[in-house]
Asker: 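Before we start, here is the structure in question, set down as structure tokens.
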Amino acid sequence: MSSEDVERLDANFNRIVEREHRGSNAASNEDGDGDGDLAYFRQQGLAVPHAHDEQRSLSNVSGGGDTRHQINLFADGGLWQATWEGSLDALRRFAEEPFGSSPGATRGEFERGAEGETILHLAVLRKHADLVRWIVGRFPSLVNETYLRHRYYGETALHVAVVNAGTDHDKDDISLVKLLVENGALINEPFVSGTEFLKDEDKGILYYGQTILQFAAANGKFEAVKYLVENGADVTLVDLYGNNVLHVMAYHGNFDMKLFNYLKKRNEIDIRNASRSNGKIPIPVDISKARNKEHLTAYQLGISRGHVKALEAMKDIIWEFGMVRQYRICLDDLDPLQPHTDKAESFAEKLKDGNKSLERFSKSAIEIAVENGDKEILSHPLMESLLKIKWALYGRSRFLWRMALTFFLVICVTFTIALQPNSLDDRRNYSISDENRHPILRGVFELSSVIGTIILVSAEFAELRVQGGGYFRGYGAAENTVQWMFAVFIWLIPVLRWGLAAILGHDKYEIVANAENVVFGFGAIWGWFYILEFAKGFETLGPLLLIFRRMMFEDFFAWMTLYSVLTVGFACGLFLQMQNVPFESANGAAPVYDWNNFAGALLWTIRFIFVAQEEFEDFREARIPAFTEFLYMLYAFVTVLVLFNVLIAMLAETLVSIASDAKRVWRIQFASLLIQMDESMSDRTHKHILTHLGWTQEEADREQELDPTTTASEKTAAPKKKQNKFTASRYFVFTERDTVTIDPITKKKRTKTETVKLVVAKDIHGKDIEIRTDRNHWHGWSRDLLRVLWTGGEEKLDAGWWKKHPIRQTHDVNRSTLYQKINRVMRKRVGDNLGLKEHEHVDTHYS
């Protein structure tokens with residue numbers, strides 16, 4: 001609508017309002033509108049075809065600024081009823097009626113509905129093609145008109161058309177989309193900005209992005225998307241959240257692979273054409289790698305929303321043959337080990353983020369899934385294989401080193417406590433006596449405990465230097481706190497024994513010994529509790545640790561809230577009855593008046609439940625014995641019979657819920673453990689591991705250049721851009737196979753996808769490093785344990801490291817099966833008959 005049209009419309013507002021208030025345009029209901037249609041109109045926020053009240057309420061047309069009120073301009077219902085029902089003759093008659101007193105103004109062009117929509121919006125919504133064709137021909141200015149009110153502001157008829165594309169008979173019908181575009185509808189604008197089009201967290205309900213292409217893609221309209229792109233739709237446009245068209249699809253979990261891959265391929269073609277133009281065409285953004293304002297790619301956004309299909313969308317298919325497929329997987333969005341930048345940092349940045357130049361723009365898919373507790377994502381074969389590789393490459397050796405050192409320290413502390421004499425004099429003396437029988441052995445364990453904690457804390461200092469402030473807020477923050485507390489308890493022992501005792505003197509040795517016993521006790525408890533943290537590395541023990549935590553920190557605390565309320569209430573009643581009743585012990589000692597203060601009464605109330613009682617006779621000495629006994633019996637019934645059974649039921653429910661899905665629950669802990677290791681890595685270790693994990697596109701291009709079958713045109717197809725070998729995208733190759741099983745109970749067929757081959761890197765000769773995915777994640781642990789004990793926990797990942805690893809899939813000629821040997825002989829004979837050389841027909845895997 002032009003500015004002149006707006007001015008002409010505004011000039012008629014006052015006259016229309018006056019006319020409506022005089023009742024000169026009373027509503028009629030001669031067409032007999034049904035209640036169903038009325039309900040639909042009101043639900044959609046559209047103009048109501050029939051008016052049942054002469055005094056129409058004012059409705060706001062302007063979205064903001066100068067607020068104007070518009071009276072309902074279709075009180076007679078003719079124009080909008082005709083559009084709703086698809087009556088072309090009636091529409092022509094009512095649309096040509098004059099609008100106000102302005103010359104040439106017609107109702108069809110200027111009249112708006114309750115949300116500021118035009119009759120073209122309604123005709124497209126109702127899919128009346130003949131009406132749409134007549135409206136765009138008679139009123140071409142309506143083609144790019146938008147809703148005017150705040151709820152749907154900015155939505156054009158083309159927005160509506162792409163969402164409603166398709167009919168009951170032909171889901172690919174886009175005739176209305178083509179009609180609007182052919183009659184001048186803009187494709188790349190305007191952007192909708194109505195409040196209904198915001199994301200769910202912003203109280204919107206129709207988040208389809210803002211552009212027309214995003215609207216079509218979000219609703220899976222492939223033919224509409226294809227038509228829009230072929231007619232100039234920009235796939236790189238983003239909305240106010242920074243989301244491009246792939247982001248919007250991922251937000252709703254709409255991973256229609258045909259549509260998703262089409263948009264990716266069109267974007268890749270545009271990028272390739274621009275790169276070949278020698279700077280004449282700006283290189284567009286890669287929408288599959290572009291990040292929104294939350295620094296998430298489309299795949300990461302889908303994963304953060306819990307859509308498992310996002311992982312399927314990441315697969316870049318190489319070939320497919322029957323039920324077997326091979327994909328290339330980019331690790332950029334998956335693995336927290338894969339960095340995005342490599343830059344020099346200032347001192348302030350190092351203090352805040354640690355001494356790490358390799359950084360990420362966003363959290364990886366593994367981190368997002370762990371934070372959301374998403375078992376489905378982490379149980380996907382792709383994620384499962386990636387976690388297993390990280391564990392085999394460096395995770396298991398680090399875990400074993402840390403566990404062995406911690407277990408050694410806790411054992412030393414335990415034996416130190418077991419060998420401690422009673423008095424502080426004997427503890428300070430390391431000569432043999434009746435009270436001090438093993439002073440030398442005790443001294444060895446004490447010295448080992450102190451030295452071991454120093455080694456442990458020195459490693460923590462290294463992690464603190466690497467992580468900076470993230471050390472206290474990352475995934476390992478709780479574990480780091482436990483380690484520091486354990487070390488502090490151990491270091492306090494010599495401080496108390498040799499420092500505080502010397503200051504206080506011999507007379508205070510008893511006090512120092514008591515303090516030392518308390519510290520020793522807390523240190524031992526803290527250490528053995530810390531041992532439980534290593535259960536996360538074991539598939540059977542990990543779920544038990546989770547069950548214990550949930551029972552302690554969720555179920556038990558919730559139950560204690562109820563128990564505390566009841567106990568305090570009954571303690572008040574018993575205190576008033578038992579204030580002057582002494583407790584006389586069985587050995588005839590002096591009576592103790594515990595009931596004469598409220599704290600004692602509260603303690604005794606609890607004791608009557610948890611400790612076997614022989615003092616029930618005390619209640620007979622209360623002020624009102626019968627009432628006191630009644631209170632006690634009621635308290636015992638409520639707590640013992642009711643609350644304790646509630647607690648048992650809560651614990652049983654927790655046990656069943658976790659145990660029934662133990663394997664997937666454990667994967668969350670397992671992934672969290674690996675993320676902790678990734679966070680603690682220095683840049684040097686980080687870069688060293690990256691050289692053994694995946695390969696870059698540059699390496700793949702170099703391999704193609706060395707391939708004698710590659711043509712010269714393929715070698716020079718696109719200019720090569722030198723990339724940082726650490727921040728460049730790295731890839732895996734997965735080979736998957738579908739297997740069909742039949743459920744023995746339901747007799748239904750189930751298709752399961754399994755990874756049959758996984759190539760994780762290439763060796764120095766360019767050969768594939770293939771991993772055995774059927775191996776347990778602890779396979780080969782003894783070799784890792786010996787290696788870390790020999791090297792002190794340092795990874796020695798030389799160029800041939802993968803070659804010796806037990807998880808690697810090897811094809812040793814000497815270990816081949818009979819069928820492999822026969823196959824090799826047959827291939828050799830075929831090659832000899834065809835005149836092929838030895839290296840041309842022998843599989844490199846069977847070298």
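Not measured: the values here are computed from a predicted model.
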Asker: Looking only at heavy atoms, what is the nearest atom pair of L409 and G452, with distance?
Answerer: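 L409 and G452 have their closest heavy atoms at CD2-CA, 3.1 Å.
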Asker: Is the shortest distance from a Lys or Arg side-chain nitrogen in E539 or K388 to a carboxylate oxygen in the other one below 4.0 Å?
Answerer: no
Asker: Regarding E679 and K363, does a basic nitrogen lie under 4.0 Å from an acidic carboxylate oxygen?
Answerer: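 K363 and E679: not salt-bridged.
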Asker: Among side-chain atoms of T685 and Y394, is any donor-acceptor pair under 3.5 angstrom?
Answerer: no
Asker: Are a donor atom and an acceptor atom from the side chains of Q300 and S362 found within less than 3.5 Å of each other?
Answerer: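 Judged by distance alone, the side chains do pair up.
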Asker: Under 3.5 Å, is there a donor-acceptor pair between the Y299 and D332 side chains?
Answerer: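 On atom types as modelled, these side chains do not qualify, holding no pair under 3.5 Å.
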Asker: Return the orientation label for the F461 and W484 ring planes: parallel under 30°, perpendicular over 60°, tilted otherwise.
Answerer: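 F461 vs W484 ring planes: perpendicular.
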Asker: Around E371, counting heavy atoms of other residues, nucleotides and ligands shown, do more than 12 lie under 6.0 Å from its CD?
Answerer: yes
Asker: Nearest 0.5 Å, what's the OG1-CD distance between T654 and E554?
Answerer: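 So the OG1 of T654 and the CD of E554 are separated by 7.5 Å.
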Asker: Using only atom types and a distance under 3.5 Å, with no angle test, would you say the side chain of R667 pairs donor to acceptor with the backbone of A662?
Answerer: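 Pair absent, no side-chain N/O of R667 close to backbone of A662.
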Asker: Would D333 and R291 count as a salt bridge (Lys or Arg N to Asp or Glu O under 4.0 Å) if you check the C-alpha gap in whole Å, the side-chain angles of each, and the deciding distance to 0.1 Å?
Answerer: CA-CA 11 Å; D333 299 335; R291 301 182 181 278; 3.7 Å; yes
Asker: Answer yes or no: does atom CG of N422 have more than 12 heavy-atom neighbours from other residues, nucleotides or ligands under 6.0 Å?
Answerer: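 Count not over threshold, so no.
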Asker: For F408, I'd like to know if atom CZ has over 12 heavy atoms of other residues, nucleotides or ligands within 6.0 Å.
Answerer: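 Count not over threshold, so no.
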Asker: I need the minimum non-hydrogen distance between I377 and A369, along with the two atoms involved.
Answerer: CG2-CB, 3.8 Å
Asker: Going through the distances and angles, do R398 and E463 end up as a salt bridge (Lys or Arg N to Asp or Glu O under 4.0 Å)?
Answerer: CA-CA 13 Å; R398 285 171 165 254; E463 293 185 11; 5.9 Å; no
Asker: Throw together a table of side-chain donor-acceptor distances under 3.5 angstrom for residues 413-420, partners on residues two or more places apart or in other chains.
Answerer:
{"unit_1": "T414", "atom_1": "OG1", "unit_2": "V410", "atom_2": "O", "d": "2.8"}
{"unit_1": "T414", "atom_1": "OG1", "unit_2": "W528", "atom_2": "NE1", "d": "3.0"}
{"unit_1": "T416", "atom_1": "OG1", "unit_2": "C412", "atom_2": "O", "d": "2.6"}
{"unit_1": "Q420", "atom_1": "OE1", "unit_2": "R497", "atom_2": "NH2", "d": "2.9"}
{"unit_1": "Q420", "atom_1": "NE2", "unit_2": "T416", "atom_2": "O", "d": "3.0"}
{"unit_1": "Q420", "atom_1": "NE2", "unit_2": "E446", "atom_2": "OE2", "d": "2.7"}

Asker: Consider only side-chain N and O atoms of S364 and D335, and report whether a donor and an acceptor are under 3.5 Å apart.
Answerer: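 Side chains of S364 and D335: no pair found under 3.5 Å.
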Asker: Ignoring hydrogens, what is the shortest heavy-atom contact between G306 and D374? Give both atom names and the distance.
Answerer: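 Heavy-atom minimum between the residues: CA-OD2, 3.4 Å.
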Asker: Do Y563 and W559 have ring centroids that are under 6.0 Å from one another?
Answerer: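 Judged by ring-centre distance (under 6.0 Å), W559 and Y563 do meet the cut-off.
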Asker: Taking all atoms of both residues into account, what is the closest heavy-atom pair of F538 and W666, and its distance?
Answerer: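 Closest pair (atom of F538, atom of W666, distance): O-NE1, 3.1 Å.
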Asker: Counting only heavy atoms from other residues, nucleotides and ligands, does the tally under 6.0 Å from CG of L532 exceed 12?
Answerer: yes
Asker: Is it true that atom OH of Y430 has more than 12 heavy atoms of other residues, nucleotides or ligands lying nearer than 6.0 Å?
Answerer: yes
Asker: Can you measure from CG (L545) to CD (E533) and round to the nearest 0.5 angstrom?
Answerer: 6.0 Å
Asker: With salt bridge (Lys or Arg N to Asp or Glu O under 4.0 Å) as the test, would you mind laying out the steps for D661 and K375 before giving the verdict?
Answerer: CA-CA 9 Å; D661 202 13; K375 298 177 291 186; 3.0 Å; yes
Asker: Between L758, L337, L674, I366, which is the residue that forms a side chain to side chain contact (heavy atoms under 4.5 Å, CB included) with L386?
Answerer: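 That would be I366.
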Asker: For F486 and W526, which heavy atoms make the closest approach, and how far apart are they?
Answerer: N-CD1, 3.7 Å
Asker: Any donor-acceptor pair under 3.5 Å linking the side-chain atoms of S431 with those of N429?
Answerer: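 Per modelled atom types, N429 and S431 side chains form a pair under 3.5 Å.
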